[in-house]
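The structure appears right after this line, and notes come after that.
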Amino acid sequence: MGIRFILMVNKQGQTRLAQYYEWLTVEERRALEGEIVRKCLARNEQQCSFVEHRNYKIVYRRYASLFFLVGVDNDENELAILEFIHLLVETMDRHFGNVCELDIMFHLEKAHFMLEEMVMNGSIVETSKANILSPIQLMEKAT
Amino acid sequence: MEQLKTIGRELAMGSQGGFYQSKEFLDLVKSIGEARSKAEEDRIVLGEIETLKRRVSEPDIPKRKMKEYILRLVYVEMLGHDASFGYIHAVKMTHDDSLLVKRTGYLAVTLFLNEDHDLIILIVNTIQKDLKSDNYLVVCAALNAVCKLINEETIPAVLPQVVDLLAHPKEAVRKKAIMALHRFYQKSPSSVSHLVSNFRKRLCDNDPGVMGATLCPLFELVSTDVNSYKDLVISFVSILKQVAERRLPKAYDYHQMPAPFIQIKLLKILALLGSGDKQASENMYTVVGDIFRKCDSSSNIGNAVLYECICCVSSIYPNPKLLESAADAISRFLKSDSHNLKYMGIDALGRLIKISPEIAEQHQLAVIDCLEDPDDTLKRKTFELLYKMTKSTNVEVIVDRMIDYMISINDNHYKTEIASRCVELAEQFAPSNQWFIQIMNKVFEHAGDLVNIKVAHNLMRLIAEGFGEDDDSADSQLRSSAVDSYLHILGEPKIPSVFLQLICWVLGEYGTADGKYSASYITGKLSDVAEAYSNDETVKAYAVTALMKIYAFEIAAGRKVDMLPECQSLMEQFLASHSTDLQQRAYELQAVIGLDAHAVESIMPSDASCEDIEVDKALSFLNGYIQDSIEKGAQPYIPESERSGMLNISNFRNQDHHGASSHGLKFEAYELPKQTVQSRIPPATLASTEFVPVPEPMSVRESYPTTIVPSASSDAESTELKLRLDGVQKKWGRQTHSPATSTSSSTSKKTVNGIKQVDGSNTSNSSTWETYDSRKHVEINSEKQKLAASLFGGSSKTEKKPATGHKISKPSSHMVEKSHVRKSSMEIASEKKALVHQPPDLLDFGEPTVQSSDPPSVDPFKELEGLLEPTTQLGSTAAAATNSPDIMGLFTETPGGTHNKDDSDILSSLSKQPVTNMVGGATSTQVAQSSKGPNRKDSLEKDSLVRQMGVTPSSPNPNLFKDLLG
C-alpha cells in the first residue's frame, strides 16, 4: 500500500490538510494527528526526518511554519518519501508562486487536486509537475 | 506602488483563476489561521457548524456558493468535528455540470465517506454517467472517485467502463483507469483476475506516466506471485536502463535525476523477481551496476535511489561486484553527517549483512555512534541491526544494551517489541543459564506484563532442567541463585503477574532445596505474595501450590510442620474462595498436610518436576483385568474408528444377526443376548466385527479404580491420578496452563501443563544449550573477547587485548572519518553558501540542465517502445504529446500577470501543435531568468499581505518557504 496518509500541520499543531488512503474515523484521525504532531514537534533539526509511530513510519519535513507529514508502511524508502514531499512543495510552489500556509488554506481543494494527481491508492503515480498541474490549470481556465 | 501590488495580490488570492471565494470564506480561514489554541479553534468551528447547518438547507443556493459551503464542511471535518449533516450536499454536488464544482463534490465525498457508507449507492450512478463523459477531465474526476469509493459489491457496476477506458486516447485517463483496476485488485483480486493481463499491456504504454503508474499494480502482483512474472524481467530491465539513460521526458527529472521515483519502483520489482533466482538476477547486474555509478550521491534523491539499489542487490542472487558497490555506498551513508543518511545506512547494512556478514566489522564505530545517538529513531534502527547481527559471541553485549534501552522507554508498543526480541535472542544464543535467568528476570521485571506467558514457562523449564544430568552441582547452584534473586526481587513494590507466577513456582520447587532458607521463611514470603496481590487469582493459585510443595518436602524430610498463622488465615480464606480452583488447591493442601511422610513423599517427591511421566496410553496395566472380564464373557473393546459409522443403535445389534441387514435399521425386537456363546469367541475374531456391547464398558468403568489402586506402581498411580484430573479439568473447562493445577503429585505437573510440544522441544532446546555451552568452553576466551572488542571496541575496555589490530586501525579510521566529515561539511558549507547567495533559484534547480540537455536527437519513447512493443507506430506523436506538457510546465513559471499568454500556450500544447524543443528551451530560459528576480519581492509582498490580514506569523520566520526549500 505504501503511503497511508499525508498531513500538513502547522507548528501550533493545527491541521491544514489531511488526506488518508485508508479509512479512519474522525475521532481516530484526530487522535492520530495529535500524537504524531506532538512527536514530530519535539524533534530538532539534526535528528532524522523519520519517526516510528505505532505501526506507521512517519516521514516529515518542515517548511517555515508548516510540517508535511507522510505516514508510510514499513518497507517504504523513507528518503524517497522525503523527496516526494519536496516534489509536492515544488509543485505547489510552481502553481501558487512562493507557496505559503495561507495559499493552502485558501485553496485547499487545489492542494487536494494536486495530491489526487500525484498519489492514488497509496502509491506515487505521477511525478511530472506539468502533468500534475495541467488539469488544474485547465479547470481554472474553464471557470 | 507597493501597496497597490499588495492589494492586487490579495485580490488574486481571493479569486485566483476563477476559484471564486467570498468574504465570508476568507474570514473563516483567517480566523482559523489566527486561532491561538485548540479550544479557540474548536469554538470557531462549532460556530461554523451552526452557520453551515442553516445555510446548506436554504433553497436555491448558487452552485458557487454551495461549493464554498462544501469546502467549509471539509474544514470542519479536517479540524476534527462531525460534518455528516452536509454529506448529502456533497453527494448532490457531484451531479453538477461545471467541472470544477463536480470535482470539488467528488473530492469532498472521497474525504467524507468510506466505501461502506450508505450514500455511496447514490454516487455510483453519477460515476457511471461521468465515466462516459466526452470531457476527459470529468472522466478523470470520476476515476479518482472510483479509486476511493467503490467497494467489492459495486465493482461490477463500473468494471466494464473502467476496462474500456484503458484504451482511452488521453494518457491521463489511461493512467487513472489502470489505478482504478489496481484498486479493484486490492479490494477483491478475484473480481479482476481475468483482467490482469491489462497491466502487462499498459506497461508498454506510449506514455511514461501510464507506464509509471502501471508499475504500482505490477509491484503488488509480483509480490504475491513472483513466478508468473519472471518473463517480464527483461522488460523491466530495459525500461530501467532507458530511464537511467535519460530517455524519458525531462518533466520526469527531479533534481537532475531521471525519473527517480520510477527507478525506485522498478528496483523494488527487480528485487522481488531476482530473489533466489540466479538466471533472472544475471539480467539485472549490468543495469543496477550502471545506476550505482550514475547516482549522484550528493543529493537526497540520488541517495534514495542508491539505497534502493542496495536493497535490490541484497535481495537478488549475490554478485561480488555489486556487493562491493553496495558496501561502498553504505559506508558513505554511515560516514555522512546527515542523520537521515545514517539511518538509511544502518538499514541498508542490516540488509547486506545477511549476505556478507563481514561487512559489519568495518563499520563498528559508526554503528556504536548511532547506538549512542540521542535520536530515538536512529537508535531503534540500530537496535534492529544489532538484532540481525547477534551471534552467540556478542549476544551478551547486545542484549544488555537492549535491556537498558527497554528500561529507559515508555512507549509500550516498542517496549513489547524489544522485550520479545531480547527473549528471542537470549533463548537462541545464551552463553550460560545463569546469564539467561538474569536476563529473563530483567525482562520480566520491566516488561513482565508485555511478554508472552510461554516465556515464563520456558524459563521454569530451564530452571528445572538445568544444564543436564551430568552436572548436578551446577544445577543446584543455578537454582540457589535463582531463589536468591527472586527473594530479593520480591522486595520490590510492583511486580508483573507473570513474573510473580514464575517466582512462586521456583520458590515452591527449590526455595528450601539447598537448606539456606527455612521453610517458614519461604512460606512467609509466599503468603505475603498471595496477600499483596490478592486480586490476582492466578498468582494466588501459584502461591498455594508452592506452599503445598514446601510443606510436603518438610513432611517428607521428617520435620514437623508448623503452619504460620498468616498461612492459616490465608488457607481459611481460600477454602471459602469463590474460585473453585483456589478452593480445590486449598483442600488438597489440607489433605496433604494430614498424610504421613511416606505417602507424602510418593505424592510429592522433591525435585521431580522434570521427571518424565510415562503415560501408558495403551493402558497395559489393565490387561489382566480385561483378560479376566473377557474370560467371564465380556465383549472386547472396539475402537471407535472401527465401529460402523451408522446410527449408534446398530452397535447394539446382537452379534448373531446376519451381516446382510447391517446397513439398515432393524425394526424387529432385539434378541436376547447369548452370554455363553459370546464369551467363547476369541478376541481376534471379535475385533473384526462391528459389535460393541453396551453393558461391558460400563462395568469396566465402575470397577476400574478399585481394581487398579492396590496393584498400581507409582507410575501407574500418577497416570491414574492424571487421568482423573483430566476429567475434572474438562468438566470445569479449566485452562491447563497452570502447573499448579496438579492435584497432589508434582510429577504430574509437566503433563498437566499439557503442552506436549513444549515437552518435545524441551530436549532439543536443552541440547542446543549444551552445544553452545561446549562451544563456549572452547572458544569463549579467544573468540568472544575478540569479537566483542571488535564489535564494541569502545565499550569493553578489558577485552581489548586480543584486538591489537583493531587498536591500531581505530585511530586511523577515526582520522579517516574525521577528514571525510570535514570534507563533507566543507561541501555542505559551500552548498549552503550557494543556497544563501541566491535562494530563489532553489526551485529552478532542475531547469538549467533541462535546457542544456534538452534537445534529444532521438524520440525517447520511440526507442522505449521499440524495445517493448516493436509494432507501435504512434511513437513520434506520443513523444510530442509527452514533451509538450513539459514546455507548458515551464510556462507556468511566468509571473501571474502574463496569464493570457500562458493560456494560449497551454491550448497550443494541448492541441499537440508541434512546438519544438529548442523553442521551448529558449523561452523557458528567459522565463526562468525573469522569474528569478521578482521571486524575493513576491515573497516579501506575501509576507506583508499576511501581516495586513492580521495573521501574524507566529514563528520568527515569516510564512515563506523560499528560504527553506532545499
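For clarity, every value in this text was computed on a predicted model and none was experimentally measured. Naming convention: chains lettered A, B, ... in sequence-line order (proteins, then strands); numbering from 1 in each chain.
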Part of B:Pro217 within contact of chain A (heavy atom distance under 4.5 Å): neither

Gap between atom OG1 of A:Thr127 and atom CZ of B:Phe261 - 0.5 Å precision: 6.5 Å

Which bit of B:Met344 comes within less than 4.5 Å of chain A, counting heavy atoms only: side chain, backbone, both or neither? side chain

Decide yes or no for B:Lys67 and A:Glu109: does some side-chain heavy atom of the first lie under 4.5 Å from some side-chain heavy atom of the second? yes

Here the gap from A:Asn44 atom CG to B:His339 atom NE2, rounded to the nearest 0.5 Å, amounts to 8.0 Å

Please state whether the side chain, the backbone, both or neither of B:Arg380 comes within less than 4.5 Å of a heavy atom of chain A. side chain

Side-chain contact test, heavy atoms from C-beta onward, threshold under 4.5 Å: evaluate it for A:Val51 versus B:Asp376 and give yes or no. no

At a heavy-atom distance under 4.5 Å, which candidate from B:Leu378, B:Ile264, B:Leu111 has the highest pair count against chain A? B:Leu111

Using non-hydrogen atoms and a 4.5 Å limit, figure out which bit of A:Leu108 sits close to chain B: side chain, backbone, both or neither. side chain

Can you say whether A:Asn10 sits under 4.5 Å from chain B via the side chain, the backbone, both, or neither, judging by heavy atoms? neither

Contact part of B:Glu41 toward chain A, heavy-atom cut-off under 4.5 Å: side chain, backbone, both or neither? side chain

How long is the gap from OH on B:Tyr252 to CG on A:Asn131, to the nearest 0.5 Å? 4.5 Å

Quick one: CE on B:Met179 to CG on A:Asn121, what's the gap to the nearest 0.5 Å? 4.5 Å

Do B:Arg103 and A:Pro135 have side chains that get closer than 4.5 Å, going by heavy atoms? yes

At a heavy-atom distance under 4.5 Å, which candidate from A:Gln19, A:Glu27, A:Glu33 has the highest pair count against chain B? A:Gln19

Where on B:Ala259 is there a heavy atom nearer than 4.5 Å to chain A: the side chain, the backbone, both, or neither? neither

Side chains of A:Arg43 and B:Thr377: closer than 4.5 Å at any heavy-atom pair? yes

Toward chain A, the part of B:Leu137 with a non-hydrogen atom under 4.5 Å: side chain

Which atoms of A:Ala80 are under 4.5 Å from chain B, going by heavy atoms: the side chain, the backbone, both sets, or neither? both

Under 4.5 Å from any heavy atom of chain A, what part of B:Leu28 do you find: side chain, backbone, both or neither? neither

Chain B contact via A:Arg16 - which portion, at a heavy-atom distance below 4.5 Å: both

Against chain A, label B:Phe112 side chain, backbone, both or neither, depending on which of its atoms sit under 4.5 Å from a heavy atom there. backbone

What part of A:Ile81 gets within 4.5 angstrom of chain B, counting heavy atoms only: side chain, backbone, both, or neither? neither

Most contacts with chain B, counted as non-hydrogen pairs under 4.5 angstrom, among A:Thr15, A:Val26, A:Asn77, A:Val125: A:Asn77

Could you check if a side-chain atom of B:Tyr254 sits within less than 4.5 angstrom of a side-chain atom of A:Glu90, using non-hydrogen atoms only? yes

Whatever's closer than 4.5 Å to a heavy atom in chain A on B:Asp411 counts as side chain

Quick one, B:His255 with A:Glu83, criterion side-chain contact (heavy atoms from CB on, under 4.5 Å). Give me CA distance, side-chain angles, the key distance, then yes/no. CA-CA 10 Å; B:His255 293 189; A:Glu83 288 310 289; 3.9 Å; yes

Regarding A:Glu52 and B:Tyr414, do their side chains bring together a donor and an acceptor under 3.5 Å, going by distance alone? no

Spacing of CZ belonging to A:Phe106 relative to CG belonging to B:Leu71, to within rounding of 0.5 Å: 12.5 Å

Examine whether an atom of A:Tyr20 lies under 4.5 Å from a heavy atom of chain B, and if so say whether it belongs to the side chain, the backbone or both; otherwise answer neither. backbone

Need one label for B:Lys342: side chain, backbone, both or neither, based on atoms under 4.5 Å from any heavy atom in chain A. neither

Could you measure the distance from the CD atom of A:Glu116 to the NZ atom of B:Lys176? Nearest 0.5 Å is fine. 6.5 Å

Can you find a pair of side-chain heavy atoms, one from B:His81 and one from A:Arg30, that are under 4.5 Å apart? yes

Measuring heavy-atom distances to chain B, does A:Glu117 have an atom under 4.5 Å in its side chain, in its backbone, in both, or in neither? both

Heavy-atom distance under 4.5 Å between the side chains of B:His182 and A:Ser123, does that happen here? yes

